[in-house]
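This report refers to the structure that appears directly beneath it.
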Amino acid sequence: MKKSIFTWINSIQWYFINTVLSNMPSRHLRLLCLRLLGSQIGKVSFYAGFEIRNPRGLIINNNCSIGPRVRLDAREGLIIKEFVTLAAEVMIWTLHHDYNDEKFKTIGSSVVINEYAWICSRAIILPGVTIGAYSIVASGAVVTKDVPPYAIVGGVPAKVIGQRDKKEYNYNPYCVFHIN
């Protein structure tokens, strides 16, 4: 009985976050509700249309920009450090299925995105990956392994395709005039 009630409550919470909350016209109200649901979110530009799995496992530090229709799976923990940019339709996964298990059980681990990383549109980051500081993940890349600091990765699976200049960047993707 307890398990079915817990599942039912989780289903209602998932529906509220990903259907009602993610499309509210006020970004301030979206952030407030996510914080009330257990997310640790700083000063962040959070576009509408997102999907979040397990808000209690989500930590986003200050001065980040989270683009439209981003999917954040925080069931095993997701940490996004300061000055990170996630472009439109990025997917970050912390769980997936064990395809060799008879019951198709879930397995996975947390994901960390370090400061000043830029995850371009439609990139996918898989469970257990750490994205290094100042690195760039190209559009459409599927990241299956850790990305070193300052690296530019692209492709399926993602491989190092370049290097960012090694210097202290000082930009802020957070936008106070962000409307959506």
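It should be emphasised that the depicted structure is a prediction, and the values quoted were computed from it without experimental measurement. All values below come from the heavy atoms of this structure, side chains included, with hydrogens, waters and symmetry mates left out.
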Can the ring centres of Tyr171 and Tyr116 be said to be less than 6.0 Å apart? yes

Quick one: does any side-chain atom of Asn62 pair with a main-chain N or O of Lys43 as donor and acceptor, under 3.5 Å? yes

By the definition side-chain contact (heavy atoms from CB on, under 4.5 Å), identify the one residue from Ile107, Val111, Leu95 that meets it with Glu76. Leu95

Single-linkage hydrophobic cluster Val70~Phe16, side-chain heavy atoms < 4.5 angstrom: yes

For the hydrophobic clusters of this structure (ILVMFWY residues joined by side-chain heavy atoms under 4.5 Å, transitively), does one cluster hold both Tyr134 and Val143? no

Between Lys81 and Asn61, a side-chain donor and acceptor under 3.5 Å: no

Holding to side-chain contact (heavy atoms from CB on, under 4.5 Å), I want the full list of residues that pass it with Pro157, two or more places apart in sequence or in another chain. Thr144, Lys159

If you compare all heavy atoms of Ala138 against all heavy atoms of Ala123, which two are closest, and at what distance to 0.1 Å? O-CB, 3.8 Å

Positive for side-chain contact (heavy atoms from CB on, under 4.5 Å) with Val137, one of Val153, Val142, Ile113: Val153

Decide yes or no for Phe83 and Pro173: does some side-chain heavy atom of the first lie under 4.5 Å from some side-chain heavy atom of the second? yes

Can you confirm whether Tyr15 is buried at OH, in the sense that more than 12 heavy atoms of other residues, nucleotides or ligands lie under 6.0 Å from that atom? no

Connected hydrophobic set around Trp118, excluding itself, where side chains approach under 4.5 Å: Ile136, Ile152, Ile161

Ignoring hydrogens and angles, tell me if any N or O in the side chain of Ser135 forms a donor-acceptor pair with the backbone of Ile131 under 3.5 Å. no

From CD1 (Ile66) to CZ (Arg30), nearest 0.5 Å: 12.0 Å

To the nearest 0.5 Å, atom CG of Asn63 lies from atom CD of Glu115 at 12.0 Å

Rounded distance [0.5 Å steps], CD in Gln163 versus OH in Tyr150: 10.5 Å

Do you know which two heavy atoms are closest between Pro55 and Ser39, and how far apart they sit? O-OG, 2.8 Å

Would you give the length of the straight line joining atom CG of Leu58 to atom CG of Leu37, rounded to the nearest 0.5 angstrom? 11.0 Å

Would Trp93 end up clustered with Leu72 when hydrophobic side chains under 4.5 Å apart are linked, directly or stepwise? no

Short side-chain to backbone donor-acceptor contact, Arg35 and Ile41, under 3.5 Å: yes

Answer yes or no: is there a donor N or O on one side and an acceptor on the other, between the side chain of Ser45 and the main chain of Ser65, under 3.5 Å? no

Quick one: do Met91 and Leu86 end up in the same hydrophobic cluster if we chain Ile, Leu, Val, Met, Phe, Trp and Tyr together by side-chain heavy atoms under 4.5 Å apart? no

Check the hydrophobic clustering (I, L, V, M, F, W, Y; side-chain heavy atoms under 4.5 Å; chains of links allowed) and say if Phe50 and Ile124 are grouped together. no

Hey, is the main chain of Ile52 close enough, under 3.5 Å, to the side chain of Asn18 for a donor-acceptor pair? yes

Evaluate the criterion side-chain contact (heavy atoms from CB on, under 4.5 Å) for residue pair Ile119 and Thr85; output intermediate values, then yes/no. CA-CA 6 Å; Ile119 315 301; Thr85 301; over 6 Å; no

If you draw a 6.0 Å radius around CZ in Arg75, do more than 12 non-hydrogen atoms from other residues or ligands fall strictly inside? yes

Judged by atom type as modelled, is there a donor-acceptor pair below 3.5 Å linking the side chain of Asn54 to the main-chain atoms of Ala74? yes

I need the full list of side chain to side chain donor-acceptor pair (under 3.5 Å) pairs touching residues 94-109, with sequence neighbours left out, sorted by first then second residue. Asp73-Thr94

Within this structure, what is the NE2-SG distance for the pair His28 and Cys33, rounded to the nearest 0.5 Å? 13.0 Å

With a 3.5 Å distance limit and no angle check, can you tell me whether Arg27 reaches the backbone of Tyr47 through a side-chain donor-acceptor pair? no

May I have the step-by-step check of side-chain contact (heavy atoms from CB on, under 4.5 Å) for Leu34 and Leu32, ending in yes or no? CA-CA 6 Å; Leu34 286 171; Leu32 173 64; over 6 Å; no

On a heavy-atom basis, which atom in Val90 and which in Ile92 lie closest, and how many Å separate them? CG1-CG1, 4.0 Å

How close do Gly108 and Pro127 get, heavy atom to heavy atom, and via which atoms? CA-CB, 4.0 Å

Establish, for the pair Arg164 and Tyr169, whether the NZ or CZ atom is under 6.0 angstrom from the six-membered ring centre and no further than 45 degrees off its axis. yes

When rounded to the nearest 0.5 Å, the distance separating CD1 of Ile79 from OG of Ser110 is 6.5 Å

